[in-house]
Amino acid sequence: MVTARQAVYATLKERIIEGDLHPGQRLIERDLAAELQVSRVPVREALGRLEAERLVVLVPRQGVLVRPFTPADVEDFFDVRESLEVLAARLAARRAGPDGLIALRAVLDQADEATRRRDARAIALANAAFHTTVVTLSANALLIDMMRPLEARLRWLFRLTHDDPEQQCAEHHELYEAIAAHDDAGAGERILRHIRAGRARSVELAATWTAVDPVAATRTRRRRTTA
């Protein structure tokens with residue numbers, strides 16, 4: 001059974017990832033509690049979990065904002081991805097068995113179908129799932145644990161950056177072929193090129209997300225409702 005705190009956490013996390021709650025937007029406990037028809041306790045707990053995942057930021061004695069990733073934050077994120085996801089792809093190419101490749105292909109097919117429909121939400125979900133599945137196929141428990149906290153931010157970036165979905169799919173197909181061929185060097189090269197292709201656009205967008213001053217934004221009692 002899903003508890004109130006679990007439901008509130010899942011709802012707020014999904015709304016951040018989907019962009020309904022946008023970078024820099026203030027989150028007021030009492031407003032969210034009224035909107036979700038719960039007490040303020042599960043809202044406070046959910047915001048604490050989201051802060052730990054770096055999806056929101058708490059300004060002491062001021063309030064909570066959806067985290068406005070700075071260009072430096074995005075650069076750091078891509079640095080980590082370039083290291084860990086390259087390792088994951090190389091290991092996946094060495095270790096993926098028939099069942100794992102079927103699972104990876106199924107996610108790739110979902111991304112293809114979402115791209116044909118031009119369904120932005122489904123595209124982001126499928127593309128993020130593709131990357132997560134590659135990590136799973138690495139069969140390295142420590143690597144999987146290290147990547148898990150980054151999954152929400154990965155999907156968030158896919159949702160916010162709106163990169164060319166056809167190009168995304170083409171690059172994922174190339175990566176799949178390298179993994180299926182057990183070409184670990186080729187898989188590493190392809191995913192590194194893929195990640196680097198999205199870095200510049202994400203850093204550029206991050207400069208617009210940080211136009212808000214978190215301290216100044218939390219001084220108003222009114223929550224922003226428009227982008």
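Along the sequence shown, residues carry numbers from 1.
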Student check: side-chain heavy atoms of Pro23 and Trp156 closer than 4.5 Å: yes

Spell out, as yes or no, whether a donor-acceptor pair under 3.5 Å connects the side chain of Thr136 to the backbone of Thr132. yes

Using the side chain to side chain contact (heavy atoms under 4.5 Å, CB included) rule, take Phe78 and Val203 through it: C-alpha gap first, then chi angles, then the decisive distance, then the call. CA-CA 10 Å; Phe78 274 85; Val203 171; 5.7 Å; no

Only counting residues at least two apart or in another chain, list the ones meeting side-chain hydrogen bond (donor to acceptor under 3.5 Å, both in side chains) with Arg153. none

Shortest non-hydrogen pair, Ala206 vs Val74, comes out as CB-CG2, 3.6 Å

Per-pair distances, 0.1 Å, donor-acceptor, side chain in residues 48-59, under 3.5 Å, sequence neighbours excluded:
unit_1: Glu53; atom_1: OE1; unit_2: Tyr9; atom_2: OH; d: 3.4
unit_1: Glu53; atom_1: OE1; unit_2: Lys13; atom_2: NZ; d: 3.2
unit_1: Glu53; atom_1: OE2; unit_2: Tyr9; atom_2: OH; d: 2.4

What distance do Leu12 atom CG and Glu14 atom CD have between them, rounded to the nearest 0.5 Å? 11.0 Å

Using 30° and 60° as the class boundaries, would you call the ring planes of His131 and His194 parallel, tilted or perpendicular? parallel

Spacing of Leu84 atom CG and Ile144 atom CD1 [to the nearest 0.5 Å]: 12.0 Å

Can you tell me which residue among Arg30, Arg15, Arg40 is in a salt bridge (charged side-chain N to carboxylate O under 4.0 Å, His left out) with Glu35? Arg15

Mind checking whether Val80 and Leu87 sit in one hydrophobic cluster, side chains of I, L, V, M, F, W, Y counted as touching below 4.5 Å? yes

Between Asp112 and His173, is there a side-chain heavy-atom distance shorter than 4.5 Å? yes

Can you tell if the side chain of Thr115 reaches within under 4.5 Å of the side chain of Gln168, non-hydrogen atoms only? no

Distance from Thr3 atom OG1 to Glu45 atom CD, nearest 0.5 Å? 8.5 Å

When clusters are formed by joining ILVMFWY residues with side-chain heavy atoms under 4.5 Å apart, either directly or through shared neighbours, do Leu157 and Leu125 land in the same one? no

Which pair of heavy atoms, one from Ala185 and one from Arg90, lies closest together, and at what distance? CA-NH1, 3.6 Å

Taking atom CD1 of Ile123 and atom CZ of Arg116, what is their separation to the nearest 0.5 Å? 11.0 Å

Ionic contact status for Glu166 with Arg118, cut-off 4.0 Å: yes

Shortest non-hydrogen contact from Leu104 toward Tyr176: CD2-CD1, 3.7 Å

With a 4.5 Å heavy-atom cut-off, do Asp79 and Arg199 have their side chains touching? yes

Test log, rule salt bridge (Lys or Arg N to Asp or Glu O under 4.0 Å), inputs Arg155 and Glu18: CA-CA 9 Å; Arg155 187 178 150 211; Glu18 285 299 306; 3.0 Å; yes

Give me the atom names and distance for the closest heavy-atom approach of Gly24 to Pro68. N-CB, 4.1 Å

Output for pair (Leu47 CG, Ile28 CD1), nearest 0.5 Å, gives 11.5 Å

To check you understand the geometry: which heavy-atom pair defines the closest contact between Ala178 and Gly186, and what is its length? CB-C, 4.0 Å

For a quick test of reading the model, state the closest non-hydrogen atom pair linking Ile191 to Ala89 and the distance between them. CG2-CB, 3.7 Å

Between Asp73 and Arg67, is there a side-chain heavy-atom distance shorter than 4.5 Å? yes

Below 4.5 Å, heavy atoms only, C-beta onward: do Leu108 and Arg105 meet side chain to side chain? yes

Is the shortest distance from a Lys or Arg side-chain nitrogen in Arg95 or Asp184 to a carboxylate oxygen in the other one below 4.0 Å? no

Quick test of your reading of the model: are Arg193 and Glu174 salt-bridged, counting only N-O distances below 4.0 Å? yes

Spell out, yes or no, whether Leu142 and Val86 are grouped together once hydrophobic residues are joined by side-chain heavy atoms under 4.5 Å, including indirect joins. yes

Do Ile195 and Glu85 touch side chain to side chain, with heavy atoms closer than 4.5 Å? yes

More than 12 heavy atoms from other groups under 6.0 Å of CZ on Arg5: no

What's the spacing between Gln25 CD and Asp20 CG if we round to 0.5 Å? 9.0 Å

Would you find a donor on one side and an acceptor on the other, under 3.5 Å apart, between the side chain of His182 and the backbone of Arg94? no

Residue pair Val64, Glu29: steps toward the side chain to side chain contact (heavy atoms under 4.5 Å, CB included) verdict: CA-CA 9 Å; Val64 178; Glu29 282 185 13; 6.0 Å; no

